[in-house]
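Residue numbering restarts at 1 for every chain, and letters A, B, ... go by the order of the sequence lines.
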There are 2 protein chains.
Amino acid sequence: MNKCEQCIVRQLSSLKALTKDEIIRLAECKTSYTVKKGEPLFTEGENVNGVFCIREGICKMTKLSANGNEQIVKLTAKGELLGQRSMISEEPVNLSAVALDDMEVCFIPKTEVMGFFNRNNQFSLQVMKTICGGLKEADDQVVAMAQKPVRQRLAETLLYLHDTFGVHDDNSLRVKLTREELAGIVGTATESCIRLLSEMNKLGIIRLDGKKIIINNPTALSKV
Amino acid sequence: MNKCEQCIVRQLSSLKALTKDEIIRLAECKTSYTVKKGEPLFTEGENVNGVFCIREGICKMTKLSANGNEQIVKLTAKGELLGQRSMISEEPVNLSAVALDDMEVCFIPKTEVMGFFNRNNQFSLQVMKTICGGLKEADDQVVAMAQKPVRQRLAETLLYLHDTFGVHDDNSLRVKLTREELAGIVGTATESCIRLLSEMNKLGIIRLDGKKIIINNPTALSKV
DNA sequence: ATAAGAGTATGATTAATATCATATTTTCAG
DNA sequence: CTGAAAATATGATATTAATCATACTCTTAT
């Protein structure tokens, strides 16, 4: 079993607020495992009795809508904790988490996390801050969905993917998404998404190379 | 100055987790005041150094979008606390709060609330739960905005207003909203909102009497 | 009481986006 | 390597919703 003490990823999450003793305790109770690309960490409606710490990889947080479409509410990467909301609310998870990459994940049981809450105020406060950050983003997303046209939402999504997850050597976006998934983030039909990408490609704002997407002109993209 | 001890409203919010001593302390540090209909409690971008507890009235939480439209992200009523997110994140508020009614409000300074956080874990946990509830709602709202057509969003909004804020003696919705504001909740143009209301009126699902809205057939509404 | 302004209503038109249809390309299991 | 399935692409069409225009109806302040 890996020692959490040496895990760099821990420093990125609320877990950084834990004391040395608590980290040692954490290392004893956590379980590590891998999730293959396309597999779920958990599914909407499930009871997840703890939180997941992402050591490696990216996953999509999705919700199935009544019309059968999969809306991607957010993407989550290395260093983030999943399932906190559900654990605190004592409710089933509201979103599914599916690996976009092969992932390495640690699971921390609820009893432990709740123990940290009771004994370490700094940790509580960190978790609160994270959740508050998520709430702000979600509120902003509501406004974006309601008020911005598809073209603009797509442009902003591309910039977000670029800035948050970076690019490969050939400058193509590192996150591996199908057009359908990209449409699921933007909140539009797959064909509309493809059409707009193709249009931006013709305008030279982006370049499409197979399923790779290269952002040529971020400035133009931000002005869409 | 009113004693918080006797305030029924307190029981509805996270403040119910405070101890007797803390309530007494609260009564000493809080300031009560009224906000007239149409006036803001605070405005997007402002620094609000504490939280507001709503004793009476309803307010809209809004955000101005780039196109100048006002999106109403949520409505908040008696017993809820405002400004928690901003206080915890140590950021300016993300949304404006504007009174839809004449309101009675108490302001609790940040230093006090943070003190409660440090000394009372039950209170922290209650606040966390509230914020987590808000996060779930916001995520669901993102999916609704992205996936549901305007007609359905309007129908669900009407049911929500009915169930959450109730009706007058004549069965008309108690929340006082203009058509423009209703459109701002639904995320559509004012004319579209009016048109759909008028259509539902003709179908007998709702009844319009001036600006009053009466829900005749909730079942039909939920099937839209 | 009444005029002005805000809010509501409705028609006509345009623009945005979804849907349906079909081809082409890519991926991947056998 | 190869064929089937999945993903991408693009055209045609339908639908939804926004915008523009105009009229009507309430409030409300003087």
Please confirm whether the shortest side-chain N or O distance from [X] to OP1 or OP2 of [N] is below 4.0 Å.
| X | N | value |
| --- | --- | --- |
| B/T188 | D/dA17 | no |
| B/S198 | C/dT10 | yes |
| A/K211 | D/dA7 | no |
| A/S192 | C/dT17 | no |
| B/T190 | C/dT8 | no |

Please report, rounded to the nearest Å, how far the [atom2] atom of [N] is from the [atom1] atom of [X].
| X | N | atom1 | atom2 | value |
| --- | --- | --- | --- | --- |
| B/E180 | D/dT19 | CD | P | 13 Å |
| B/Q152 | D/dT15 | CD | C1' | 16 Å |
| A/K202 | D/dT8 | NZ | C1' | 13 Å |
| B/Q147 | C/dT17 | CD | P | 14 Å |
| A/I213 | D/dA9 | CD1 | P | 9 Å |
| A/E191 | D/dA7 | CD | C1' | 12 Å |
| B/L208 | D/dC26 | CG | P | 13 Å |
| B/R151 | D/dA17 | CZ | C1' | 11 Å |

Practice item. State whether the side chain of A/S89 and the backbone N or O of A/R85 hold a donor-acceptor pair below 3.5 Å, judged by distance alone. Key: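 Yes; at least one donor-acceptor contact below 3.5 Å.
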Review point. So, the side chain of A/E112 versus the backbone of A/P109: is there a donor-acceptor pair under 3.5 Å, distance only?
Key: no
Practice item. Show your reasoning for whether side-chain hydrogen bond (donor to acceptor under 3.5 Å, both in side chains) applies to A/S14 and A/T130. Key: CA-CA 8 Å; A/S14 307; A/T130 310; 3.2 Å; yes
Study note, to complete from the structure: Of A/T178 and B/G187, the one whose closest nucleotide on DNA chain D sits nearer the 5' end is A/T178
Exercise for review: Could you check which of D/dT19, D/dA17, C/dT8 has an atom nearest any side-chain atom of B/A189?
Suggested key: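 So the nucleotide nearest the side chain must be D/dT19.
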**Study point:** Upstream residue (5' side of DNA chain C) when A/K148 and A/G210 are each assigned their closest nucleotide
**Key:**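 Final value for this comparison: A/K148.
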Practice item. Indicate whether any N or O donor in one side chain lies under 3.5 Å from an N or O acceptor in the other, for B/Q152 and B/E156. Key: yes
Practice item. Please evaluate the base of C/dT19 for a donor-acceptor partner in the side chain of A/R195 within a cut-off of under 3.5 Å? Key: yes
Point to revise | Basic-acidic side-chain contact under 4.0 Å: B/E70, B/K63 | key: no
